[in-house]
Amino acid sequence: MSIGDIVNLMQGAVFQVFTLCAPVLGAALIVGLIVAIFQATTSIQEQTLTFLPKMLVILAILALLGGWMFSRLGNYTVNLFSQIQNLGH
């Protein structure tokens with residue numbers, strides 16, 4: 001196993017993490033921005049106001065995309081385990 005193989009494995013893992021986290025974090029960012037604009041326009045400075053909308057959106061995104069996320073992670077894991085036999089050579 002060469003350094004290039006290890007770099008490719010790590011690059012694939014980092015790409016999977018970014019791909020799986022991006023929809024959830026993007027939706028939370030957008031909801032946080034909307035709530036922050038609402039707070040700025042209404043002068044409501046409650047710190048806990050952003051928590052519930054973000055939590056609901058994160059749960060909705062996980063409900064909508066959870067199957068895709070788990071299948072993508074499962075395919076990556078199966079691919080990773082199939083490459084184990086080549087690691088020792």
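Please read all numbers here as calculations on a predicted model, not as lab measurements.
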Keeping to residues at least two apart or across chains, list the side-chain hydrogen bond (donor to acceptor under 3.5 Å, both in side chains) pairs with something in [range].
range          : value
residues 33-43 : none
residues 12-28 : Q16-R72
residues 52-70 : none

Quick one: side-chain contact (heavy atoms from CB on, under 4.5 Å) partners of [X], sequence neighbours excluded?
X   : value
Q11 : N8
L64 : none
I58 : V24, A28, L62

Taking every heavy atom of I44 against every heavy atom of F38, the minimum-distance pair comes out as CD1-CE2, 4.2 Å
Working to the nearest 0.5 angstrom, can you tell me the gap between [X] [atom1] and [Y] [atom2]?
X   : Y   : atom1 : atom2 : answer
D5  : Q83 : CG    : CD    : 8.5 Å
N75 : F70 : CG    : CZ    : 13.5 Å
L25 : L20 : CG    : CG    : 11.0 Å

Members sharing V14's hydrophobic cluster (side chains within less than 4.5 Å): F18
Using a 4.5 Å side-chain heavy-atom cut-off and chaining through intermediate ILVMFWY residues, the residues clustered with L59 come out as F51, M55
Report yes or no: do Y76 and I84 belong to one cluster of Ile/Leu/Val/Met/Phe/Trp/Tyr joined by side chain heavy-atom distances under 4.5 Å? yes
According to a 4.5 Å side-chain heavy-atom criterion applied to Ile, Leu, Val, Met, Phe, Trp and Tyr, with indirect links allowed, do L56 and L65 form part of one hydrophobic cluster? no
For V31, which of I34, V35, L33 qualifies under side-chain contact (heavy atoms from CB on, under 4.5 Å)? V35
